[in-house]
Amino acid sequence: MQSRTIDAMNASLVRFRRYMFASSSKKPKLAFLGPLGTYSHQAACECFKESVEYISQPTIADVQQALSVDVPFGIIPQENSINGSVVETYNLLRNPAVGRDCVVRGYTVLGIQHSLVVRRGVKIEDVENVLSHEQALGQCRTWLAVHLPMASLVPMDSTASAAEKLLSSEPGGFNPRKCAAICSSVVVTIYDDLEVLQKGIQDGEENFTRFYVLSFGTDVPLPATVVLPTQNMALLRVQAPLESLAGRLDITKAVNTHGLDLLRIDRRPSLHARPFDDVYFLEIGATSDNSEWSDRLQRAVERVKRSGAEVAVLGVW
Ligand SMILES: O=C(O)C(=O)C[C@]1(C(=O)O)C=C[C@@H](O)C=C1
C-alpha cells in the first residue's frame with residue numbers, strides 16, 4: 001500500500017480514538033452497527049466527530065429501527081468496492097418506514113484495511129474457524145483460500161462482534177483458542193487480550209466501503225460540522241408491476257427524459273408475496289446541468305408513477 005494511504009489511515013485511527021468514547025446526553029444521538037470498533041463506527045466518527053452521542057446497535061436492521069425523535073441519526077454500510085452491495089442494507093431499505101420516517105441524507109466513504117485478529121497467544125496454525133461479518137469474509141476470500149484453506153468461515157453480525165466473541169468462553173460453541181476474527185486493527189486497542197496476526201488481508205490494496213447517512217425525517221438538520229459529499233443525488237425505491245424487462249427499462253427512460261443520470265440500480269425480492277416480483281433501488285444524479293434539479297426529479301418520479309409503478313423517494317441530497 002502506498003505510504004500516503006497508510007499515513008492517512010493512521011491519522012484517521014488517531015482521530016477515531018478521540019471521538020470513539022465521546023458521549024453526552026446533550027448531543028443528538030447516532031445509531032451505528034456495533035460494538036465499538038466496527039467500520040460503521042469509524043465511518044460515523046469520521047463524519048460526525050464529537051457532534052453526536054454514539055449508540056451501538058446489534059445489527060444493521062436495528063440501526064434503522066433505532067431511529068426516532070430521540071435518536072435522529074444513523075449510518076449503514078451500502079456497498080463495498082471489492083464485495084459489492086450490502087444485502088442486509090438493501091433488505092431493510094424495502095421497509096415502508098424508509099422514505100417515510102427515515103431518509104437517506106447522503107453518503108460517506110471509508111478506506112477498509114482488514115486484519116486477522118486472535119486471542120493473545122493463538123497462532124495461525126491453531127485457527128480452525130474465522131469469524132466476521134459476511135462482507136469482510138467476502139473481501140478476504142483470496143487471502144483465506146491461500147492461508148487458511150481448511151478453516152470454516154462463520155458469519156457474524158459485525159466485524160467487532162466477531163472480535164468480541166474471541167473473548168467469550170465458548171464463541172458460538174467454538175473454542176476461542178481455535179478461532180480468529182477479521183476486523184479492523186483498531187479493535188485490539190479497544191478490547192484487551194487480542195492481538196493482530198496479519199494486517200491488510202483484503203483482496204486488493206484499494207478497498208472502500210460507502211455508507212448511507214440516515215436521519216429520522218427530512219427536517220432534522222445535520223450538525224453544522226458534518227460535511228458530506230453534496231452532489232445533487234436521490235435514492236428511489238421502485239416497485240413496478242411490469243412483466244417484461246422492456247417495461248422495466250421504461251423507468252430508466254423516464255429518468256433520462258428529464259435530463260437525469262441513472263447512477264446505479266440494485267434489485268432485491270419485494271416484500272409482496274409474488275415470486276420474482278422485485279423491488280428496484282435507483283440512485284439518480286443531476287447531469288452536468290444542475291438547474292431545476294428537484295423539479296426535474298419530481299417530474300421523473302411522477303412519470304414513473306403514471307406508468308403504474310409504486311415509487312418512494314428514500315432520500316434527496
Ligand atoms: O462489521 C462492520 O465492521 C461493519 O461496519 C459492516 C461492514 C459491511 O457490512 O460492509 C462495513 C464495512 C466493511 O465493508 C465490512 C463490514
Side-chain angles (χ1 to χ4, degrees), residues 5 9 12-13 16-17 19-20 30-48 54-66 73-93 104 107-117 130-144 153-167 171-172 179-191 194 196 199-214 264 266 268 281:
T5 321
M9 228 150 228
S12 106
L13 286 183
F16 171 65
R17 296 258 339 143
Y19 308 136
M20 178 165 67
L30 176 140
F32 68 96
L33 170 66
L36 299 187
T38 59
Y39 296 102
S40 299
H41 189 200
Q42 293 178 50
C45 287
E46 280 286 296
C47 260
F48 284 81
Y54 294 92
I55 309 290
S56 171
Q57 297 296 321
T59 67
I60 294 174
D62 289 322
V63 171
Q64 185 254 316
Q65 296 284 329
F73 301 116
I75 193 161
I76 51 174
Q78 174 256 328
E79 185 191 17
N80 173 263
S81 57
I82 292 178
N83 201 51
S85 303
V86 180
V87 172
E88 281 164 275
T89 288
Y90 281 97
N91 283 348
L92 80 82
L93 293 179
V104 178
Y107 68 86
T108 183
V109 176
L110 183 75
I112 306 286
Q113 292 287 309
H114 291 301
S115 293
L116 190 76
V117 167
V130 180
L131 283 50
S132 197
H133 189 275
E134 64 171 9
Q135 266 289 335
L137 294 171
Q139 292 160 34
C140 301
R141 221 182 308 258
T142 309
W143 190 91
L144 288 168
L153 307 183
V154 185
M156 303 289 293
D157 286 332
S158 76
T159 56
S161 70
E164 220 181 25
K165 250 321 189 216
L166 301 178
L167 298 169
C179 292
I182 294 178
C183 52
S184 162
S185 59
V186 82
V187 298
V188 305
T189 70
I190 302 173
Y191 304 99
L194 294 179
V196 171
K199 281 190 175 177
I201 63 170
Q202 67 286 337
D203 298 346
E205 289 176 358
E206 303 280 299
N207 186 26
F208 297 93
T209 296
R210 187 171 183 253
F211 294 80
Y212 281 144
V213 172
L214 307 177
R264 58 177 292 137
D266 289 85
R268 295 296 300 145
F281 297 94

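Every number for a ligand or one of its atoms is a count from 1 in the order of the listing.
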Nearest protein heavy atom to atom 13 (C) of ligand 1, by residue and atom, and its distance? Thr209 OG1, 3.7 Å
Which heavy atom of the protein is the closest neighbour of atom 6 (C) of ligand 1, given with residue, atom name and distance? Leu33 CD2, 3.7 Å
Could you state the interatomic distance from CG (Leu116) to OG (Ser185), rounded to the nearest 0.5 Å? 12.0 Å
With rounding to the nearest 0.5 Å, note down the distance linking CD in Gln42 to SG in Cys47. 12.5 Å
With a 3.5 Å cut-off and no angle check, do the side chains of Gln139 and His133 form a donor-acceptor pair? no
Heavy-atom nearest neighbour in the protein, as seen from atom 5 (O) of ligand 1, with distance rounded to 0.1 Å: Ser40 OG, 2.6 Å
Can you confirm if the NZ or CZ of Arg210 lies within 45° of the ring axis of Tyr107 and under 6.0 Å from the centre of its six-membered ring? yes
For atom 9 (O) of ligand 1, what's the nearest protein heavy-atom neighbour? Residue, atom name and distance, please. His133 CE1, 3.1 Å
Just jot down the ligand 1 atoms closer than 4.0 angstrom to any heavy atom of Gln139, in number order. 13 (C), 14 (O)
Are Gln78 and Tyr90 close enough that a side-chain donor and a side-chain acceptor fall under 3.5 Å? yes
Any luck finding a side-chain donor-acceptor pair between Thr209 and Glu79 under 3.5 Å? no
Under 4.0 Å to a heavy atom of Thr38 - the qualifying atoms of ligand 1, by number: 2 (C), 3 (O), 5 (O)
Identity and separation of the nearest protein heavy atom to atom 3 (O) of ligand 1: Thr159 OG1, 2.5 Å
So if I count the atoms of ligand 1 from 1 in the order they appear, which ones are less than 4.0 Å from some heavy atom of Ser158? 1 (O)
Under a 4.0 Å N-O cut-off, is there an ion pair linking Arg264 with Asp266? yes
Closest to atom 10 (O) of ligand 1 among Glu134, Gln135, Gln42 (heavy-atom distance): Gln135
Can you find a non-hydrogen atom of His41 under 4.0 Å from ligand 1? no
